[in-house]
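Right, one structure below, let's go through it.
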Amino acid sequence: MERSRPSITPRAGPCFASSYRSPKTMSAAPRNAYQRILELTPRVEEIMGRLKEPMDAELPTIADRFYLRIERHPEALAVFRGGREQLVRQRIALAGWLSELFVPPYDESYTEKRIRVGIVHLNSGVDEHLMIGAMNWLREELIGALRRITLPEGLHFGETAAALQKVLDFDLGIILSSYWTDLRSRTRNIDRLALIGQFSAAINHELRNPLGVIGTSTYLLKSKLAADASEDVKNHLAKIERSVARANAIVSGLMRLLKVEEPARDSVDLESFLESVIEEVPHPPGVTIELIPGAVTGRAAFDQDQVRQAVSNLIRNATEALGEQGRIEVRFASDSIATSISVSDNGPGIPQATLNRIFEPLFTTKSFGTGLGLTLSKAIVEAHGGELKARCGRVGCTFEIRLPHFLIGRPTIPRTQTSS
Ligand code: HEM
């Protein structure tokens, strides 16, 4: 329904005072496909910019009403594990978000600022349908406010409401794109793990027996030849034994990779957990491993056994890179999205070409490694919905694990069945 425009006494000078910029300066930015499809034209930007001043006064009330709706919605309320304090924080953030709706242009830098909102909600476990529903609450409230305010001169309710709807659609698209990106990367992971699963099951089935035969025959040969064997023969037998052990370790590693299960999350005290992981990793006397106390101490929710394996792989990897001498620092921190645990060493860095491949299964630069430790660490972190990243300079590398705080109702990576 078109709202009749109240009579306005024209103001002297510019009829609006806000951070709105003229369409001439705004339309210079190239428009992306979404902006074109949604017809986010310079006129839409002009209307939205002119609405900023009259709408700003309405936004705290809209945020309050939104917050009351969340409180009445059990599924939405369940997401706020930080209680009332967290709800209040979200209300303030929402008022800021609403205000920026009226600050065109809707260009790349606008999109970049808004994309964080999708990521925060994804990581907080807010279902995407809840986000669509919540956007509809905001639509109703904003359109209601449009009816209440005195529209700037020359603006009509119909065109103004349509401009607002387009910008809300644009923002909803930005939020949902985080959900789609996440889904795509999960699907890729599931495909990759399924493939590894098929290979591992086949390798386990086909290789365990011949490896067992080689191992037993070598042992028998050794005991039969006993003292009569020449040094050369003994060397060759020892080589066969080492190779069989390595091949067995690879098969076992693949099976472990296959068995990364849905994490059983526990509340874990980070500092004592990391101290205990460090204690368990053997290292030469010339290598020091230090836990650097973080600015934040506290607890995090993850599967202790799995993350222990992931972190201890990273520390082991660092000790192997250092050789006999060097220093490893383990740090932890927490922000509004995730807990991070990092392992840094001052050994030789890793060249970029190698760095690009270090998480690939069976990729190794060590003569004794299986090339599965880092792949397993990554699989564990990803099963928690997190990420594992490596940064290396000319000296030293840092591996950082990020584990999102909450993951409620998120899809999990199914375990591939195996015959082992
Ligand atoms: C379209 C609707 C929504 C908008 C525009 C919105 C906006 C925001 C903004 C701007 C933030 C701050 C992000 C940051 O840290 O940079 C935020 C945080 C948050 N929102 Fe929303 N929100 C919406 C819907 C919801 C819903 C439906 C829920 C719950 C079911 C929710 C739960 C949260 C939580 C848990 C946080 C993190 C609060 C914290 O800092 O601890 N939001 N939201």
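Counting starts at 1 for both ligands and their atoms, following the listed order. Source: prediction; values computed, not measured.
- When R116, K113, R69, M131 are checked for heavy-atom proximity to atom 15 (O) of ligand 1, R116 turns out nearest.
- By the ring-ring contact (aromatic ring centres under 6.0 Å, His included) test, Y110 pairs with Y106, sequence neighbours left out.
- The side-chain heavy atoms of D305 and Q309, taken from C-beta on, include no pair separated by under 4.5 Å.
- Side-chain contact between Q325 and V287 is absent, with no heavy-atom pair separated by less than 4.5 Å.
- A heavy-atom distance below 4.5 Å is found between the side chains of L274 and I341.
- Checked against salt bridge (Lys or Arg N to Asp or Glu O under 4.0 Å), E112 has no partners two or more places apart in sequence or in another chain.
- Close approach of ligand 1 to V79 (heavy-atom distance below 4.0 Å) involves ligand atoms 30 (C), 35 (C).
- With a heavy-atom cut-off of 4.0 Å, F66 touches ligand 1 through its side chain alone.
- For ligand 1, the atoms lying closer than 4.0 Å to a non-hydrogen atom of F80 are 29 (C), 31 (C), 32 (C), 33 (C), 34 (C), 35 (C).
- Within the 4.0 Å heavy-atom criterion, the part of I70 lying near ligand 1 is the side chain and not the backbone.
- Annotation: W97 places no N or O atom under 3.5 Å from an N or O atom of ligand 1; distance criterion only.
- Of the candidates Q86, R114, R139, H121, it is H121 that places a heavy atom closest to atom 22 (N) of ligand 1.
- The distance between the ring centers of Y67 and F80 does not fall below 6.0 angstrom.
- Ligand-side atoms of ligand 1 in range of A76: 29 (C), 30 (C), range being under 4.0 angstrom from any heavy atom.
- Electrostatic pairing of R331 and E400 does not count as a salt bridge here, judged by no charged N lying under 4.0 Å from a carboxylate O.
- Listed by atom number, the atoms of ligand 1 under 4.0 Å from L130 heavy atoms are 30 (C).
- Here's the thing with R89: one of its N/O atoms is less than 3.5 angstrom from an N/O atom of ligand 1.
- Using modelled atom types, one finds no donor on one side chain facing an acceptor on the other under 3.5 Å when comparing S344 with R327.
- Atoms of ligand 1 found under 4.0 Å from any heavy atom of L94, numbered from 1 in the order shown, are 4 (C), 5 (C), 6 (C), 7 (C).
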